[in-house]
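To start, the structure itself, in structure tokens.
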Amino acid sequence: MAKVVCVLYDDPVDGYPTSYPRDDLPKIDRYPDGQTLPTPKAIDFKPGALLGSVSGELGLRKYLESNGHTLVVTSDKDGPDSALERELADAEIVISQPFWPAYLTAERIAKAPKLKLALTAGIGSDHVDLQAAIDRKITVAEVTFCNSISVAEHVVMMILSLVRNYIPSYQWVIKGGWNIADCVTRSYDLEGMHVGTVAAGRIGLAVLRRLKPFDVHLHYYDRHRLPESVEKELNLHWHPNVEDMVKVCDVVTINCPLHPETEHLFDDKLLSKMKRGAYIVNTARGKICDRDAIVRALESGQLAGYAGDVWFPQPAPKDHPWRAMPHHGMTPHISGTSLSAQARYAAGVREILECWFEGRPIRDEYLIVDGGKLAGTGAHSYSAGDATGGSEEAARYKVA
Ligand code: NDP
């Protein structure tokens, strides 16, 4: 029987909810590319409930315990004295969400001799040292597509709120003012702007599709080109490299995974090639941007705004410079963990666990590493190596 360690974010400060603003979730049958939603044999939760926090337990306890397994749920994940480090000694499966990532560095993997499966309840497994997982033949899987549309919606919201200067204008209302000129001296229309995505995978393409009705010029850079029919439908301009794209864009949205090829891609050099006054929206991973270079670009006016929900490390220490930099629209990492998304990824985790325990293959599209190599989605979208370096800094959130 297996020990499953599940690292989840804390419950709301006022306690686990007893009611919700809405009574149900819309029914979605398939993802836009035809992929089916998760297909577990059963679920033990009500879609729409808070599942991603400690008391929600991803709805897994009944299923795991009735099959004789042990489930440990904790939010205490950082530092050598954390519950996660203690529990790793005999854990077979570690489940983690990117919003509150259990960093599985090579050192931690070495402390987990029984670890066989690292399961991401969400998308993006960069919190696992993928090279160490490859070397140790640990399977890494995630719930592909579960929150891609959630993020795409968030990206559109953030682009509009930056370009139209929504957040500072909202703050004038809260402060009791009516300072129209202060609100509009940084406010523009999106119409006619050039908007480009770094990567046109599930999220990137969904963002492009959602932006099309805004009458903007659409651009993308990706290692693989989209089908010609899609390029035509969206009047899309493909760029062979990222520099070529950012030079012409007013808005750049980052939608690629974090892996050694994309780590610190947006550094001083690349930012200096962007149009003065461009905006960046990054909901992919914080480390794709050089933290201090972003601050410098906002302070100098090279960037007019930066928004997103991803930081490095997570949780961001209380003195993380992105909390205080000018013209930002940052939130904690939330875009992929709406209550709607949680229902899908909790069901996906259950599907993967059922496959694992019943000896059935995990869907290829969920696999990142398997059998000592990148596999499934991982083989297409990631590169081998490690992007967890520096993650121990997350422990500073506790003390800062
Ligand atoms: P996909 O795998 O569908 O898309 C990723 C795309 O990135 C692929 O098209 C891939 O290209 C491309 N890519 C990979 N490396 C590069 C590179 N070096 N240069 C250019 N393009 C590259 O994933 P999703 O769209 O669903 O998710 C993307 C990322 O978004 C996740 O990995 C995760 O980091 C983040 N995310 C954030 C969430 C949040 O809550 N903020 C939630 C969900 C995801 P190709 O395969 O063609 O080589």
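The structure presented is a predicted model; accordingly, all values stated were derived computationally and were not measured. Order of listing sets the numbers, starting from 1, for every ligand and every atom in it.
Of the polar atoms of E261, at least one N or O is found under 3.5 Å from an N or O of ligand 1, judged by distance alone. Polar contact check, T262 against ligand 1: no nitrogen or oxygen pair lies under 3.5 Å apart. Residue contacts with ligand 1: H224 is placed with a nitrogen or oxygen under 3.5 Å of a nitrogen or oxygen of the ligand (distance criterion only). For ligand 1, none of its N or O atoms has an N or O atom of C256 under 3.5 Å away. Between R202 and ligand 1, a contact under 3.5 Å exists for at least one N or O pair. At a 3.5 angstrom cut-off on N or O pairs, G124 does not count as close to ligand 1.
The structure places CG of L25 at 10.0 Å from CD of Q342, a figure rounded to the nearest 0.5 Å.
Nearest approach of A304 to R186, heavy atoms of both residues: O-NH2, 2.9 Å.
What sits closest to atom 11 (O) of ligand 1 on the protein, heavy atoms only, is D222 OD1, 2.8 Å. Of all protein heavy atoms, the one lying nearest to atom 26 (O) of ligand 1 is S148 OG, 3.0 Å. Looking only at heavy atoms of the protein, atom 35 (C) of ligand 1 is closest to A284 O, 3.6 Å. The closest protein non-hydrogen atom to atom 20 (C) of ligand 1 is Y221 CE2, 3.4 Å. For atom 46 (O) of ligand 1, the closest non-hydrogen atom on the protein side is H380 CD2, 2.6 Å. Nearest to atom 16 (C) of ligand 1 among the protein's heavy atoms is R223 NE, 3.7 Å. Nearest protein neighbour of atom 41 (N) of ligand 1, counting heavy atoms only, is T283 O, 2.8 Å. Atom 27 (O) of ligand 1 has its closest protein heavy atom at I203 CD1, 3.4 Å.
Using cut-offs of 30° and 60° on the angle between ring planes, the pair H259 and Y382 is tilted. By the 30° and 60° cut-offs, the orientation of the rings of H380 relative to H224 is parallel.
Contact annotation: for N255 versus ligand 1, heavy atoms closer than 4.0 Å belong to the backbone alone. Under 4.0 angstrom from ligand 1, there are no non-hydrogen atoms of F145. Residue contacts with ligand 1, taken as heavy atom pairs separated by less than 4.0 Å, involve I123 via backbone and side-chain atoms alike. Residue-level proximity to ligand 1 for N147 is carried by the side chain, the only part with a heavy atom below 4.0 angstrom. By the criterion of a heavy-atom distance under 4.0 Å, neither the backbone nor the side chain of H154 is placed next to ligand 1.
Per-residue contacts place F99 under 4.0 angstrom from the following atoms of ligand 1 (heavy atoms of the residue considered): 40 (O). For ligand 1, the atoms sitting less than 4.0 Å from at least one non-hydrogen atom of V151 are 38 (C), 39 (C), 40 (O), 42 (C), 43 (C), numbered in the order shown with element in parentheses. Ligand 1 places these atoms under 4.0 Å from at least one heavy atom of A199: 6 (C), 7 (O), 12 (C), 21 (N).
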Verdict with supporting geometry, T388 and D386, side chain to side chain donor-acceptor pair (under 3.5 Å): CA-CA 6 Å; T388 64; D386 169 36; 2.7 Å; yes
Verdict with supporting geometry, F357 and H69, ring-ring contact (aromatic ring centres under 6.0 Å, His included): CA-CA 10 Å; F357 290 126; H69 305 297; 3.9 Å; yes
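For the pair R291 and W311, the cation-pi criterion (under 6.0 Å, within 45° of the ring axis) is not fulfilled.
Between R363 and T39, some side-chain heavy-atom pair lies under the 4.5 Å cut-off.
The heavy atom nearest to atom 7 (O) of ligand 1, out of those in C146, P257, G201, is found in P257. Of the candidates G336, A200, S381, G378, it is G336 that places a heavy atom closest to atom 40 (O) of ligand 1.
Listed by chain and residue number, R396 satisfy the salt bridge (charged side-chain N to carboxylate O under 4.0 Å, His left out) test with E393 (two or more places apart in sequence, or in another chain).
R350 places no side-chain N or O within 3.5 Å of a backbone atom of L60 that could act as its donor or acceptor partner.
In summary, K3 and E87 engage in a salt bridge, as defined by a charged side-chain N under 4.0 Å from a carboxylate O. A salt bridge does not link K137 with D370: none of the charged nitrogens is closer than 4.0 Å to a carboxylate oxygen. Salt bridge absent: R285 and E263 never bring a charged side-chain N and a carboxylate O closer than 4.0 Å.
Within the structure, the closest approach of S335 to ligand 1 falls below 4.0 Å when heavy atoms are considered.
Note on residues 262-285: no pairs pass ring pair (Phe, Tyr, Trp, His ring centres under 6.0 Å), not counting sequence neighbours.
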